[in-house]
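See below for the structure under consideration.
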2 protein chains.
Amino acid sequence: MLNQIHQGDCLEVLATLPEDCVDLVYLDPPFFTQQTQTLRSKALQVYAFEDSWDSMPAYLAFLKERVCAVQRVMKPHATLFLHCDRHASHYIRVMLDEVFGYDRFVSEIIWTYRRWSHSTRALLPSHQTIFMYANGDDYTFNDIFLPYSETTNLDQILQKRERNPHGKTAYVHDEQGEIILNGEKKGVPLSDTWDIPYLNPKAKERTGYPTQKPLLLVERILQLASHEGTLVLDPFCGSGTTCVAAHLLQRHYIGIDQSPAAVHLTRQRLENPIRTRSAVLEQGREAYHNLPDYVVNILNTLPVKLVQRNSGIDALYDSYVEGKPIVIRVQREGESIHHAIQKLQQAGAKKHAYAMILIAQERYQPMLEGLAELPSSVIVVESLPLMIQQQLQRLEEGIPY
Amino acid sequence: MLNQIHQGDCLEVLATLPEDCVDLVYLDPPFFTQQTQTLRSKALQVYAFEDSWDSMPAYLAFLKERVCAVQRVMKPHATLFLHCDRHASHYIRVMLDEVFGYDRFVSEIIWTYRRWSHSTRALLPSHQTIFMYANGDDYTFNDIFLPYSETTNLDQILQKRERNPHGKTAYVHDEQGEIILNGEKKGVPLSDTWDIPYLNPKAKERTGYPTQKPLLLVERILQLASHEGTLVLDPFCGSGTTCVAAHLLQRHYIGIDQSPAAVHLTRQRLENPIRTRSAVLEQGREAYHNLPDYVVNILNTLPVKLVQRNSGIDALYDSYVEGKPIVIRVQREGESIHHAIQKLQQAGAKKHAYAMILIAQERYQPMLEGLAELPSSVIVVESLPLMIQQQLQRLEEGIPY
DNA sequence: ACCGTCCCTGAATCATTGG
DNA sequence: TCCAATGATTCAGGGACGG
C-alpha cells in the first residue's frame with residue numbers, strides 16, 4: 001500500500017478503502033471544548049478549526065460514526081489509539097466499549113506534561129488521555145523498556161533470586177557466599193503514564209498548526225503496536241505528525257484531514273521530515289540540576305526556592321522585602337569567598353535584590369580579604385558545619401564562651 | 001459534630017445523618033475487578049470483601065444509590081472525591097455527571113506511582129483516577145503551590161512583562177534600561193497529575209487491609225478542599241486512612257464500613273496513627289522514619305550519622321575526640337530550648353559524649369533562661385534560618401556589622 | 001446575560017552575548 | 001571558533017472587566 005494524504009471528511013475517504021488493510025490507527029479528533037482553535041503567530045498561514053457541536057450527543061454521534069468506519073478497515077490484529085482530553089474522555093470510552101467491546105480495552109494511557117499556568121479554582125489541567133483498544137484477541141504489542149529510575153537499587157536487581165520450598169523468594173549465593181548475577185536486565189517495562197514534555201511554544205518542530213502533538217508521543221505509539229512496513233492510519237491528521245512519525249520509523253501511512261491547509265502542511269512536512277532536538281527530551285529533567293548536592297542540602301533547610309539556571313544565585317527567599325527579592329548563594333568547594341561575593345553581587349544587583357546572602361563554608365575574615373567595605377546589603381553567614389567546627393575547636397582549646 | 005466510626009452499609013448509616021452537614025467526601029468504593037480481594041494481615045486476620053457484581057449495570061446501580069445518599073448530606077460548598085480504577089472509571093464519571101451535573105465536574109486527578117510487576121501484552125498499569133465534583137458553584141478550594149520546574153529560568157520570571165499592541169508579550173524596562181520587578185512568586189499551582197509513591201509494602205503504615213491508600217494522597221485531598229475543623233466523610237473507610245488523615249489535619253470525620261474487621265482496624269489505627277514519609281526519598285533508610293523533615297534536612301548538611309530511637313540524640317558526629325562521641329540534637333518546633341538541652345544532656349551523659357551540640361531554632365539567650373552555668377561541653381549553635389533572620393532584621397533596622 | 005479585550009502565567013525552547 | 005550563560009519568546013488557558 002502506498003503512502004497517501006487525502007483531503008476530505010474521513011467518513012467518505014474511509015469508505016473508499018478496502019476492509020482489513022490497516023495495522024494501527026491513531027485518532028486525534030477535535031476536542032469537545034466548544035471553542036475555535038486558532039494559531040496565527042508563527043506562520044503567515046492562519047490555521048483554524050471549530051470544536052463546536054450543538055451537544056455532547058451530537059459530538060459523540062459524529063465520532064462514533066467515524067470510529068465505526070475506521071474499525072471496518074482495521075486488520076484483526078490491529079489496535080486503535082484515541083486521543084482525548086478531559087471534556088469528553090469518559091463518554092468517548094463508553095462509545096469505544098460499544099464499538100469494540102468492553103473486553104477489547106487494552107490500556108488507558110495518560111500523557112502528562114508541565115504547562116504554563118493560570119489561576120483558577122481547580123487543579124491545573126496537565127494531562128490528556130489516550131485509549132488503546134484492540135480489534136481482536138491477538139493484537140500486535142511490542143514490549144518497550146525504559147531505563148531504571150535513579151532511585152532503583154541496580155546492584156540488587158542484578159542479583160539472582162530463587163524461590164525456596166516455602167514459596168519465599170530470596171537472593172541466592174554460591175558456595176563462597178558470593179552473590180550470583182542474573183544476567184542482563186532490560187529495564188523497566190513501559191507504564192501507562194507517559195511524562196513527555198508538551199510541544200514547546202518555541203520549538204522548531206512547531207508548524208503553526210494548533211493542537212500539534214510531539215513527535216515522540218506518536219513515535220512511541222507506533223513502536224508499541226506496529227512493525228516496520230505496516231500501515232498506519234490517521235483520520236484527523238492535522239499537521240501530519242503521525243505521517244512524519246510513520247515515515248521516520250519506516251511505516252506506511254494514510255493521513256486524512258478535512259482542511260486543505262492541513263493537507264498541504266502535511267505534504268510539505270513530509271518532503272523534509274525533521275525531528276527536532278529537545279534538550280529536556282534527550283537528557284531528561286535531571287540534566288537541569290545544576291546545583292551540587294551539598295548546596296541543595298543546605299538550601300533545603302531554608303524557606304527558599306531553588307534557582308537552577310543562574311550562575312550567581314542559588315536560591316530566592318520565599319518572602320520579599322519592600323517589593324524586592326532576597327537572593328542566596330552558597331560558597332562552592334574550592335571557591336574563594338571573594339569570588340563568591342563578587343558573583344552574588346553581580347547577579348543580585350541585576351535583579352534589584354533587597355539583600356544578598358552568602359552562606360560561607362570557611363571562616364569569613366573581611367579585614368584579611370580586604371573586603372571591609374562591602375555594601376551593607378551583602379550578608380555573609382557561616383554554614384552550620386563551620387560554626388560547629390569553630391565551637392569544637394574552642395572547646396578543645398579550653399576557651400570559655 | 002463528633003468523630004464517628006460506623007459499622008454497616010453506608011446507605012443505611014447515611015440515612016441517619018442530617019442534610020447538609022458534610023464539607024468533604026472521599027469515596028473509595030470496591031473496584032469492579034470481578035475478583036475477591038484478600039490480603040493476609042500481620043495479625044493473621046484475613047480481611048476480605050467481594051468485588052463481584054453480576055454486571056456493570058448492577059455495580060453502577062449499587063454505587064449510584066450510595067452517591068445520591070452522599071449528596072444529600074453534602075453542604076452546598078462541599079466537594080466529592082471518588083477514587084476509581086481503570087475498569088469502571090468512565091462509567092462512574094458518566095454516573096457522576098448524572099448525579100451532580102456535567103458542569104459540577106472540577107478535575108480528573110491522576111494518581112501515578114511506580115510498580116514492579118510486569119503485565120503481559122499491555123502497558124504496565126500505574127495510575128488510578130480520582131474524580132473531583134463540586135456540590136455547588138461556590139466550593140471550597142485552597143490553592144496549593146509546588147516548586148518550579150528545573151528547566152525554568154526562575155530569576156527571569158521575577159521580571160515584569162507587558163503585551164505590546166501586536167499582542168506579543170515582552171519584558172519591560174524603565175528609562176535606565178533596568179528591569180522592573182513583578183512581585184512575589186508563590187510557585188506552580190498544583191496540577192491534576194499527582195506522582196505519589198505507592199504504599200511501600202514494608203511501611204509501618206501498612207495495616208494489611210487490601211487497597212489501602214497512602215496517607216499522603218488523602219492528606220493532599222483534605223488540604224485542597226477543606227479547612228480545619230470541618231467534617232470529612234468516608235463511606236467506604238476500609239482501613240481508615242481518611243479518618244487518620246482527618247485526625248492529623250485537625251478535621252472531624254465520619255467513617256463507615258460494612259466490615260466489622262475494618263471498623264475495628266480503623267479504631268485501632270486512630271489510637272496510634274503512624275505516618276510514614278515518602279518512601280522513594282529514603283528507600284530502606286528506616287532511621288528517617290522517626291525524624292521530622294526539617295530535622296533530617298538540617299542533619300543532611302552535617303558530617304553525621306543519624307541515630308534511631310533515642311529521644312535525646314538525633315545524630316552522632318562522624319569523628320570522635322579523645323575516643324568519645326559528639327552527639328547532636330535539633331530543637332523541635334514548639335520545644336523550649338531549656339527542654340531540648342535537658343534531654344540532650346541526659347542522653348549525652350549516658351554515652352559519655354565529649355561534646356553535645358544543640359542546633360537551636362530560636363534565639364538562645366542563656367542569661368534570660370537562667371542557663372548561664374551550662375557545662376562547657378554543651379554547645380548551642382543557632383540554625384541557619386535563624387541566623388539569616390537576625391541578619392535581615394539588622395539590615396532593616398540599619399544597624400551596621 | 002453575553003460578548004470581545006486584556007491581563008497574568010511558567011515551561012522550554014530559540015537567540016544572542018560574552019569569554 | 002565554539003561553548004556556556006542568560007535574555008527573549010509564545011502558548012488546544014482562564015479570569016476580570018467594561019460595554
Side-chain angles (χ1 to χ4, degrees), chain A residues 28-43 47-52 83-88 111-129 195-214 236 238-239 241 276-285 287-288 290 305 307-313 343 346-347 350-351, chain B residues 143 145-173 177 179 182-192:
Chain A
D28 184 18
F31 294 167
F32 185 68
T33 57
Q34 304 293 63
Q35 294 162 7
T36 302
Q37 306 292 343
T38 51
L39 195 63
R40 53 174 65 249
S41 45
K42 200 158 186 171
Y47 300 100
F49 60 83
E50 297 230 340
D51 277 7
S52 322
H83 195 129
C84 38
D85 83 337
R86 65 188 184 287
H87 296 96
W111 170 35
T112 58
Y113 44 84
R114 285 160 175 266
R115 223 194 52 181
W116 59 90
S117 67
H118 61 95
S119 51
T120 179
R121 292 164 47 71
L123 295 159
L124 184 63
S126 48
H127 76 271
Q128 288 172 23
T129 308
D195 188 350
I196 295 177
Y198 198 85
L199 191 58
N200 193 269
K202 288 291 290 181
K204 277 194 187 131
E205 192 178 316
R206 268 198 187 264
T207 59
Y209 194 84
T211 80
Q212 189 182 342
K213 299 297 177 295
F236 296 90
S239 60
T241 304
T276 58
R277 313 184 71 80
S278 149
V280 76
L281 275 188
E282 287 179 359
Q283 302 156 37
R285 291 206 174 83
Y288 285 80
N290 288 323
K305 294 183 172 54
V307 174
Q308 298 283 0
R309 295 183 53 187
N310 184 308
S311 64
I313 301 171
K343 290 218 75 171
Q346 262 176 20
K350 257 189 214 165
K351 301 298 169 195
Chain B
D143 290 321
F145 296 92
L146 293 185
Y148 292 91
S149 163
E150 304 87 333
T151 55
T152 299
N153 241 353
L154 189 48
D155 60 325
Q156 196 178 11
I157 63 177
L158 300 177
Q159 299 172 223
K160 191 177 172 121
R161 288 185 293 185
E162 266 176 13
R163 202 175 280 251
N164 70 16
H166 307 298
K168 309 249 182 199
T169 41
Y171 290 106
V172 289
H173 300 266
I179 62 160
N182 196 21
E184 240 168 279
K185 291 284 171 176
K186 288 172 285 191
V188 180
L190 185 62
S191 89
D192 60 4

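We name chains A, B, ... by the order of the sequence lines, and we start the count at 1 in each one.
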- Query: Quick one: A:His127 NE2 to D:dG13 P, roughly how many Å, whole number?
  - Reply: 16 Å
- What is the distance from NZ of B:Lys160 to C1' of C:dC7, rounded to the nearest Å? 10 Å
Pairs under 3.5 angstrom, nitrogen or oxygen only, protein versus nucleotides 2-6 of chain D, please.
{"from": "D:dT6", "atom 1": "OP1", "to": "A:Ser311", "atom 2": "OG", "distance (Å)": "3.0"}
{"from": "D:dT6", "atom 1": "OP2", "to": "A:Ser311", "atom 2": "N", "distance (Å)": "2.8"}
{"from": "D:dT6", "atom 1": "OP2", "to": "A:Ser311", "atom 2": "OG", "distance (Å)": "3.4"}

- Task: Supply the atom-to-atom distance A:Ile196 CD1 to A:Gln128 CD, rounded to the nearest 0.5 angstrom.
- Result: 11.5 Å
- Query: Tell me: CH2 of A:Trp116 to C1' of C:dT13, nearest whole Å?
  - Reply: 13 Å
- Message: Can you measure B:Tyr171 atom OH to C:dT9 atom C1' for me and round it to whole angstrom units?
- Response: 10 Å
- Taken in chain and number order and not counting sequence neighbours, the residues that satisfy ring pair (Phe, Tyr, Trp, His ring centres under 6.0 Å) with A:Phe236 are none
- Partners meeting salt bridge (Lys or Arg N to Asp or Glu O under 4.0 Å) with B:Asp143 (sequence neighbours left out): none
- Task: Select base, sugar-phosphate, or nothing to describe what A:Asp28 touches, counting heavy atoms under 4.0 Å on all strands.
- Result: base
- Heavy atoms under 4.0 Å, any strand shown: does B:Thr151 hit a base, just sugar-phosphate, or nothing? base
- Message: side chain to side chain contact (heavy atoms under 4.5 Å, CB included), that's the test. Do B:Gln159 and B:Asn182 meet it? Break it down for me.
- Response: CA-CA 5 Å; B:Gln159 299 172 223; B:Asn182 196 21; 5.9 Å; no
- Message: Tell me if a side-chain donor or acceptor on B:Asn153 pairs with a main-chain N or O of B:Gln156 at a distance below 3.5 Å.
- Response: no
- Polar side chain donor-acceptor pair, B:Asp192 to A:Ser126, under 3.5 angstrom: yes
- Between D:dA8 (C1') and B:Glu162 (CD): distance, integer Å: 16 Å
- Item | Touch class at under 4.0 angstrom, heavy-atom based, for A:Tyr198 against every strand present | sugar-phosphate
- Query: Do any N or O atoms from the side chain of A:Lys204 and from the backbone of A:Lys202 form a donor-acceptor pair under 3.5 angstrom?
  - Reply: no
- Any donor-acceptor pair under 3.5 Å between the side chain of A:Gln212 and the base of D:dA12? no
- Value for OH (A:Tyr209) from OG1 (A:Thr211), rounded to nearest 0.5 Å, stands at 6.0 Å
- Query: Using 30° and 60° as the class limits, which term best fits the ring planes of A:Trp111 and A:His83: parallel, tilted or perpendicular?
  - Reply: perpendicular
- Message: Please report the interatomic distance OH(B:Tyr148) to OG(A:Ser117), rounded to the nearest 0.5 Å.
- Response: 7.5 Å
- Task: Respond yes when some side-chain nitrogen or oxygen of A:Arg206 is under 4.0 Å from OP1 or OP2 of D:dA12, and no when none is.
- Result: yes
- So what's the dot-bracket for DNA chain C: Watson-Crick or G-U pairs under 3.5 Å, [ ] if a pair crosses, | if it pairs off-strand? .|||||||.||||||||||
- Going from CG on A:Leu199 to CD on A:Gln212, what distance comes out if it is rounded to the nearest 0.5 angstrom? 5.0 Å
- Just how far, in rounded Å, is C1' of D:dA12 from CZ of A:Phe236? 16 Å
- Query: Does B:Thr152 put a side-chain nitrogen or oxygen below 4.0 Å from OP1 or OP2 of C:dA12?
  - Reply: no
- Whole angstrom value for the distance that separates P of D:dA12 from CG of A:Asn200: 10 Å
- Item | hbond_proxy B:Arg161 side chain to D:dT9 base (donor-acceptor, 3.5 Å cutoff) | no
- Base, sugar-phosphate, or nothing for A:Gly238, non-hydrogen atoms under 4.0 angstrom? nothing
- Any residue meeting side-chain hydrogen bond (donor to acceptor under 3.5 Å, both in side chains) with A:Arg309, in chain and number order, not counting sequence neighbours: none
- Name the nucleic acid region contacted by B:Lys185, choosing base, sugar-phosphate or nothing; use a 4.0 angstrom heavy-atom cut-off, strictly under. sugar-phosphate
Nucleotides 15-19 of chain C: which of its N/O atoms have a protein N/O under 3.5 Å away?
none

- Task: Answer yes or no: is there a side-chain heavy-atom contact under 4.5 Å between A:Arg285 and A:Arg114?
- Result: yes
- Measure from the side-chain heavy atoms of B:Asn182 and tell me the nearest of C:dT9, D:dT9, D:dA12. C:dT9
- Task: Tell me whether the OP1 or OP2 atom of C:dG10 has a side-chain N or O from B:Tyr148 closer than 4.0 Å.
- Result: yes
- Within this structure, what is the CG-to-P distance between B:Leu158 and D:dG7, rounded to whole angstrom? 11 Å
- Query: Counting only side-chain N and O atoms of A:Tyr288, is one of them less than 4.0 Å from OP1 or OP2 of C:dT13?
  - Reply: yes
- Nucleotide nearest A:Lys213 (side chain, heavy atoms from C-beta), chosen from D:dA12, D:dG14, C:dG10: D:dA12
- Query: Is the ring of A:Phe31 stacked on the base of D:dA12, with centres less than 5.5 Å apart and planes under 30° off?
  - Reply: yes
